[in-house]
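Residue numbering restarts at 1 for every chain, and letters A, B, ... go by the order of the sequence lines. Side-chain atoms are counted along with the backbone in the values below, which use heavy atoms only and exclude waters and symmetry mates.
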There are 2 protein chains.
Amino acid sequence: MEKQDLLFFCTLCREKPAAEIEKLQCTISHTVKNFKRDEYIAYQGDKVTRLVMLIRGKVRTEIVSSSGLTLPMNDISAPFPLAAAFLFADDNSFPVDVIALEECEVIYISKEAVEKQMAKCAGFMRGFMDFNANQMQNISERLKIFAQKGIKAKVAYYLLSREKKGAFELDRSVASLAGYIGVERPSLSRAISEMVRDGIITFHSGKGTIINFDAMEALLIRGA
Amino acid sequence: MEKQDLLFFCTLCREKPAAEIEKLQCTISHTVKNFKRDEYIAYQGDKVTRLVMLIRGKVRTEIVSSSGLTLPMNDISAPFPLAAAFLFADDNSFPVDVIALEECEVIYISKEAVEKQMAKCAGFMRGFMDFNANQMQNISERLKIFAQKGIKAKVAYYLLSREKKGAFELDRSVASLAGYIGVERPSLSRAISEMVRDGIITFHSGKGTIINFDAMEALLIRGA
DNA sequence: TTTGATTGGTAACATTTGTTACGGATTATA
DNA sequence: TATAATCCGTAACAAATGTTACCAATCAAA
């Protein structure tokens with residue numbers, strides 16, 4: 001259970017000891033529901049009127065089109081709020097179908113209860129805001145990578161944003177990095193090889209260094 | 001002044017008449033600052049410790065690299081909060097430089113004041129949440145477009161998400177749509193032409209209809 | 001050790017996209 | 001109306017990326 005569980009109960013008011021919390025009116029009203037494998041937890045287009053927290057299990061989200069074809073998006077493991085960000089949006093409907101991949105448990109908290117709780121409990125509010133802010137940051141970071149034109153530019157952006165004194169370490173496999181930046185694995189592999197060949201970086205088994213910073217910058221400007 | 005000004009003063013508590021608001025302790029402490037054209041309002045990496053609201057003028061944001069080259073991102077017109085979403089993030093630093101394009105006025109509200117105000121005034125909180133939620137929705141919609149592989153897939157996704165009974169209307173020029181989905185204008189133009197040629201859509205001066213839904217779906221699945 | 005699975009580098013070729021340049025159409029401006 | 005500016009369709013070519021396939025290296029399980 002990470003920061004996300006801030007969203008569950010006011011146990012999240014970490015600022016105070018658990019014992020003290022019990023005394024506060026910090027319990028949030030909610031309902032619980034269980035889902036079996038392959039059941040639909042939410043349908044695309046459903047109004048998001050409640051905060052939907054996945055507290056046990058794993059789900060798959062997919063876009064569904066009018067003709068019935070589906071397009072898998074992400075898998076999400078508990079604990080995680082589903083579409084928390086959209087709870088307050090104007091067009092607050094689920095952007096995807098949500099399907100249980102295994103036995104799942106979900107709790108629902110009404111929007112009103114969430115608002116009340118936020119007003120009542122600063123810790124809860126902070127937890128909610130933090131979660132949304134971090135998610136926003138992740139997504140906007142990814143968008144910036146996608147906005148870079150050319151694989152090398154994407155790679156350069158990715159590496160520059162996490163190098164320390166020229167050294168970097170991939171926190172994922174090359175294959176998953178390819179997925180993350182939206183290109184094919186062999187293409188990414190080729191791009192890295194060429195950057196090594198051109199003396200811009202070194203790279204071996206997940207670790208490397210940036211040799212030529214100027215060349216990296218140049219890649220950002222124009223996909224070369 | 002749109003919804004954004006919800007974030008300014010508690011005049012935003014629209015739920016109550018203005019006269020009544022005066023009586024509440026709904027004034028939020030803030031400081032004001034003016035900037036001249038070309039002045040820096042914020043530097044990339046600056047900690048976001050206060051809510052920064054642009055209330056007059058226009059700014060440009062750009063990514064700056066260590067070697068000094070810049071990469072322009074977006075232009076933003078008042079009224080608009082700058083990096084509101086990052087106020088609560090863990091790594092809460094400005095992702096970009098912010099430069100005044102013209103005479104600008106900015107107000108600063110401390111994070112603490114924002115938190116207090118949210119606790120005190122439900123309207124303010126709702127305004128803040130709404131704004132962030134909507135921004136999140138926009139950005140994630142854009143990310144989904146970028147995640148589509150192939151120009152036609154991007155176009156199909158874009159059109160399918162806004163067609164009504166098969167009819168669609170672009171709310172922007174072809175050139176700006178090209179920028180939005182991250183491709184070159186001639187490439188987008190060609191893609192549209194081919195889709196028209198193949199009898200998938202009609203298109204003329206910003207308006208069109210989807211003729212072959214199945215083909216549109218197929219484009220989403222595999223960039224064809 | 002052997003086996004099988006995963007990871008990732010590479011190559012040849014197909015396909016898509018970018019680039020550059022041109023011209024027609026439309027709109028704003030003098 | 002003339003003039004310039006913008007928008008956008010088109011084409012030919014260059015460049016980047018995807019596709020498919022193969023093999024080597026690594027690692028875990030038998």
Side-chain angles (χ1 to χ4, degrees), chain A residues 71-72 75 142 145-159 168-209 215-216 218-224, chain B residues 71-72 75 142 145-159 168-209 215-216 218-224:
Chain A
L71 191 58
D75 289 356
R142 189 149 182 226
I145 289 179
F146 273 117
Q148 295 292 329
K149 286 188 187 175
I151 296 182
K152 290 181 190 173
K154 293 181 211 280
V155 172
Y157 186 92
Y158 184 84
L159 294 182
F168 60 84
E169 188 162 349
L170 297 189
D171 52 343
R172 37 163 35 103
S173 69
V174 171
S176 100
L177 177 58
Y180 181 73
I181 68 177
V183 301
E184 295 302 319
R185 184 191 62 79
S187 300
L188 173 58
S189 196
R190 168 173 48 203
I192 293 176
S193 296
E194 288 175 9
M195 290 169 79
V196 170
R197 181 200 63 195
D198 296 343
I200 302 176
I201 60 172
T202 65
F203 182 72
H204 185 65
S205 62
K207 299 180 184 180
T209 55
M216 290 288 272
L219 288 173
L220 282 186
I221 302 301
R222 192 70 301 287
Chain B
L71 193 57
D75 289 357
R142 188 146 183 230
I145 290 179
F146 272 116
Q148 294 292 329
K149 285 187 188 176
I151 296 182
K152 289 181 190 173
K154 292 179 211 281
V155 172
Y157 187 92
Y158 184 84
L159 295 181
F168 62 83
E169 187 162 349
L170 297 189
D171 51 344
R172 36 158 42 99
S173 69
V174 171
S176 99
L177 177 59
Y180 182 72
I181 68 178
V183 302
E184 296 301 320
R185 183 191 61 80
S187 300
L188 173 58
S189 196
R190 167 174 49 202
I192 294 176
S193 295
E194 288 175 9
M195 289 168 80
V196 170
R197 181 200 64 194
D198 297 342
I200 302 176
I201 60 172
T202 65
F203 183 71
H204 186 65
S205 61
K207 298 180 185 180
T209 55
M216 289 287 272
L219 287 173
L220 281 187
I221 301 301
R222 191 69 300 285

Look at the side-chain N and O atoms of B:Ser193 and state whether any lies under 4.0 Å from the OP1 or OP2 oxygen of D:dG9. no
Does C:dT17 have OP1 or OP2 under 4.0 Å away from a side-chain N or O of B:Ser187? no
B:Ser189 near the nucleic acid: base, sugar-phosphate alone, or nothing, with a heavy-atom cut-off under 4.0 Å? base
Whether A:Ser205 contacts C:dG8 is assessed here as follows: a side-chain N or O lying under 4.0 Å from the phosphate OP1 or OP2. Is that the case? no
Taking the minimum atom-to-atom distance to the side chain of B:Arg185, which one of C:dG9, C:dT7, D:dG9 wins? D:dG9
Is a side-chain N or O of B:Arg142 found less than 3.5 angstrom from the main chain of B:Tyr180, in a donor-acceptor match? yes
Just compare D:dT19, D:dT17, C:dT20 and give me whichever is closest to any side-chain atom of A:Pro186. D:dT19
Roughly how many Å is it from CG in B:Leu219 to P in C:dT15, rounded to a whole number? 16 Å
In this structure, how many angstroms lie between the P atom of D:dA16 and the CE atom of A:Met195, rounded? 14 Å
Does B:Arg190 or A:Val183 map to a spot on DNA chain D nearer the 5' end, using the closest nucleotide for each? B:Arg190
Does any non-hydrogen side-chain atom of A:Ile201 lie less than 4.5 Å from one of A:Val155? no
Rounded to the Å, how far apart are B:Lys152 NZ and C:dT16 P? 7 Å
Expressed in angstrom and rounded to an integer, what is the separation of B:Glu184 atom CD from C:dT17 atom C1'? 9 Å
Side chains of A:Lys207 and A:Leu170, heavy atoms from C-beta outward: is any pair under 4.5 Å? no
Do B:Ile181 and B:Leu177 have side-chain heavy atoms sitting under 4.5 Å apart? yes
When rounded to whole Å, the CD to P distance for the pair A:Glu194 and D:dT17 reads 9 Å
